[in-house]
Amino acid sequence: MTHKNDIKLLRINYLRGPNIWTYRSVLEVWLDLGELEDCPSNSLPGFNERLTALLPALEEHHCGVGERGGFIQRLQEGTWAGHILEHVVIELLNLAGMPTGFGQTRSTSQHGVYRMVFRARDEQVARVALAEGHALLMAAINDRPFDVEASVNRVRAQIDDCYLGPSTAAIVGAASDRGIPHIRLNDGNLVQLGYGKAQRRIWTAETDLSSAIAEGIAGDKDLTKTLLKSVGVPVPEGQVVNSPAEAWEAAQDIGLPVVVKPSDANHGRGVSLELTEQADVEAAYAVADAEGSDVIVERFIRGDEHRVLVVGGKVVAAARGESLWVVGDGVNTVARLIDLQLNTDPRRGEAEEFPLETIVLDREPAIRLLLDRQGLTGDTVPAAGHRVLIQRNGNVAMDCTDEVHPDVAFLASLAARVVGLDIAGIDLVAQDISRPLLEQGGAIVEVNAGPGLLMHLKPAIGLPRPVGKHIVDHLFDETESGRIPIIGVAGSQGGTSIARLLAWLLQLGGRHVGLACSSGLFLGARRVDAANNAHWAAGHRLLMNREVNAVVLENGPVSILQDGLAYDRCQVGIVTDLDFVPGIGLEEHDVHDAVQLFRVLRTQVDVVLPEGTAVLNAENERLVEMASLCDGEVIFYAEDGANPAIVAHRAGGGRAVFVRDGHVVMAQNGAYETRCLNLHSAAVQKLSQQDPAEDTVRVLLAVVAAAWSMGVAPELITAGIETCEQASKSAR
């Protein structure tokens, strides 16, 4: 078989927001197939068999056929390498644990050059998946060996490094289910839910409602117990100690058996339970002290460890722990039995998505101490059938939410409120969580800020609980969407003027407006950046600003092609025209005429909310066709009220804006018409003189239509345009 040269990756572009392909972020790759342009899959001897041997699950890909096996059918009929690469990358992402279903490959005007895109939640993960998919495809084409498992592991490692942790992802997913947008603020788990002034922030299971004082209290276990005891919450008696001798003295005072643990114990690290001997207590002190915080000795509470999750003062989930044992076989050591009988549990692993940690004796001094108390070490070979206790706590993974007694729920909620946490993981010990704590001598032993959610999302036994949804519902009541009004302006005619006038009108209406357009970045009347800000990054800055409660963004077609839109949905989407302007960079994206430009600018209409409005220039017949793409209302504008599109739209009850007798008219059906602006006024004439090349009338028609859709009164629209010169002066 003749060796084929590699497919060339000419350009890789990450589209962060809604784009010409889809509503979501994608990686767009320009491919030069070279000689493979003349070699569809059915012309490469043995290729299809080699590829499906490497990736058997390609059988599940529907492709354009629309059913299982569709992609295999396309391979057999003959499809091109760009399309095949798309499916290979998607399958690698699926195997790595990031399910991906969207992908497209389209030819360009250049022979052998294609644009291939696929869903990309994270740019770095997508780039690694692309590189691995490219290598796999070329290996299959040229009949070279390829290690699929190693390739998938490299993609999976990048996911572990880059993607949100499971707790954060659950909250973000629940927000998305409610239509609440999100912005990731760092490479970790700090995420903004919502836009502008309507936003809330989370950091794993902590929120911007969680106070630093409350977290500080929760981190001091002794102080926490003092506060809980003061309001009648049962807690184990205990005290902070500073030496092994003090630990034994405290144990005698409290009464044996006791627990010795660090004051900021996490995941059960450094915790030793049910100690009765002086040597054990003193040894446990050293184990706890090694964790780097104060050491506490407290009364041992009999029963099982439980974790109760409190969100907004309500118990939303609970899980029970289990002790860990291994059973000797007379052959293997304790350390080996741990690997064979415990670490093989699929719930255990090193990554965040595993609810339980891998047990490694070398880093678990508390386990070694427990073995020592049983007269064992990691190298001991227990007799066949002999049970060895490995761990008493830290294995909370059995859901028991429906068993929680109302008294237990009340005390858990009270504990969270006393500490001051809006989200808290309450650790309690009880023999039966379906009975009151005092009745059975149970107690709350810890209150934790930023609790892990995985034990509730993926319990080993029992039902998973929608804790992400509970947290989102705590942050946003049922009437809140986390959204602020966003107005997007797309097209090449008067976009900057439209954006600035609209921002001014909204400002007069009492809103704190953020504006990003070609004449700068504005916060209210203040220009904070004089450069061209009609692009994704500037819009993103405004959406992150906690002060703005309305945003106006100018979106040029090149910006949409390079980055996508800065927002997922908008209240108002304006499209002014479909004029193709050469020399501004459209040709670099293989856009050469108005027909192709339609596909770019429709993105602005595609993202209008169901309760929002598209504002379209009815003088362009192709733009009128965009109305059918809008999920919300449509307002047409044109100079002539007899425009056929406007007449038909009004007949159907729609709204329109046009000119009659020198005035702008706001109209709906045949019954409602109101005049709001004299086009012969001095203010309008000054606007025309500022940019004689701009069609001021059409600019004003678009502005009036958009302001009307936002509920701005006609009188305020007129007054705002009459005073718009003041806005220009204040921004200089």
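These numbers come from a predicted model, not from an experiment.
- From S25, atom OG reaches atom CG of D568 across 11.5 Å, with rounding to the nearest 0.5 Å.
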L616 and V605: CA distance, side-chain angles, deciding distance, side chain to side chain contact (heavy atoms under 4.5 Å, CB included) verdict: CA-CA 9 Å; L616 303 175; V605 175; 4.0 Å; yes
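- Not a single donor-acceptor pair under 3.5 Å links the side chain of E587 to the backbone N or O of P582.
- Here the CD1-CZ distance, from I90 to R119, works out to 11.5 Å after rounding to the nearest 0.5 Å.
- Using modelled atom types, one side-chain atom of Y14 and one backbone atom of A120 make a donor-acceptor pair closer than 3.5 Å.
- Of all heavy-atom pairs spanning L505 and A707, the tightest one is CD1-CB, 3.9 Å.
- Between L9 and H134 there is a side-chain heavy-atom pair separated by less than 4.5 Å.
- Formation of a donor-acceptor pair under 3.5 Å by the H663 side chain with backbone atoms of D661 is found in this model.
- A cation-pi arrangement is found for R599 relative to W21, the charged atom lying closer than 6.0 Å to the ring centre and inside a 45° cone about the ring normal.
- The closest side-chain heavy-atom distance from E673 to R650 is below 4.5 Å.
- Between F118 and L93 the shortest side-chain heavy-atom distance falls below 4.5 Å.
- No side-chain donor-acceptor contact under 3.5 Å links D590 to the backbone of E588.
- In this structure, CG in D122 is found 7.0 Å from CD in Q158, a value given to the nearest 0.5 Å.
- Side-chain atoms of R184 come within 3.5 Å of backbone N or O of D187 as a donor-acceptor pair.
- Between the CZ atom in R200 and the CG atom in L475 there is a gap of 6.5 Å [rounded to 0.5 Å].
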After noting the C-alpha distance and the side-chain angles of E722 and S681, does the key distance pass the side chain to side chain contact (heavy atoms under 4.5 Å, CB included) rule? CA-CA 8 Å; E722 295 286 347; S681 68; 3.4 Å; yes
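- In terms of heavy-atom proximity, I484 sits nearest to K197 at CG2-N, 4.1 Å.
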Yes or no on salt bridge (charged side-chain N to carboxylate O under 4.0 Å, His left out) for D208 and R546, after CA distance, side-chain angles and deciding distance? CA-CA 12 Å; D208 51 10; R546 304 192 79 165; 2.8 Å; yes
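- No side-chain heavy atom of L185 sits less than 4.5 Å from a side-chain heavy atom of V191.
- For the residue pair S519 / T496, no side-chain donor-acceptor distance below 3.5 Å is found, with atom types taken as modelled.
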Check the pair N19, V117 against side chain to side chain contact (heavy atoms under 4.5 Å, CB included), reporting the backbone distance first and the verdict last. CA-CA 11 Å; N19 50 75; V117 298; over 6 Å; no
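- In this structure a side-chain-to-backbone donor-acceptor pair under 3.5 Å is missing from H87 to C63.
- Residues D473 and R178 form a side-chain contact, since some pair of their non-hydrogen atoms from C-beta on lies under 4.5 Å apart.
- Among all heavy-atom pairs drawn from S492 and D577, the shortest one is OG-OD2, 2.7 Å.
- Between the side chain of E91 and the backbone N or O of E86, no donor-acceptor pair lies under 3.5 Å.
- Within a 6.0 Å sphere centred on CZ of R24, heavy atoms belonging to other residues, nucleotides or ligands number 12 at most.
- For W536, the ring pair (Phe, Tyr, Trp, His ring centres under 6.0 Å) test picks out H540, with sequence neighbours left out.
- Surrounding CG of D593 are more than 12 heavy atoms belonging to other residues, nucleotides or ligands, all under 6.0 Å away.
- The closest donor-acceptor contact from the side chain of Y23 to the backbone of D606 lies under 3.5 Å.
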Check the pair C570 / V608 against side chain to side chain contact (heavy atoms under 4.5 Å, CB included), numbers first and verdict last. CA-CA 5 Å; C570 66; V608 171; 4.0 Å; yes
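- Residues N549 and P485 approach most closely at O-CD, 3.2 Å, considering heavy atoms.
- By the 4.5 Å heavy-atom criterion applied to side chains, Q571 and L609 are counted as neighbours.
- Checking side-chain atoms of Q690 against main-chain N and O of L687 turns up no donor-acceptor pair under 3.5 Å.
- Atom CD1 of I12 is separated from atom CD of E28 by 11.0 Å, given to the nearest 0.5 angstrom.
- Looking at heavy atoms from C-beta onward, F636 lies out of side-chain contact with N643 at the 4.5 angstrom threshold.
- Closest of all the heavy-atom pairs between W708 and V657 is CE3-CG2, 3.9 Å.
- Taking the six-membered ring for Trp and thresholds of 30 and 60 degrees, H61 and F71 have ring planes inclined between 30 and 60 degrees apart.
- Legend: side-chain hydrogen bond (donor to acceptor under 3.5 Å, both in side chains) pairs involving residues 610-632, not counting sequence neighbours, sorted by first then second residue: R569-D631, E619-R698, R622-E625.
- Here CD1 of I574 is found 8.0 Å from CD of Q604. Values are rounded to the nearest 0.5 Å.
- Put simply, the side chain of M626 reaches to within 4.5 Å of the side chain of L578, judged on heavy atoms.
- Across V89 and L130, no two heavy atoms sit closer than the pair CG2-CA, 4.0 Å.
- Although no hydrogens or angles enter the test, the distance criterion places no donor-acceptor pair under 3.5 Å between the side chain of S559 and the main chain of N555.
- Note: H592 and F580 fail the aromatic proximity criterion, with ring centroids not under 6.0 Å apart.
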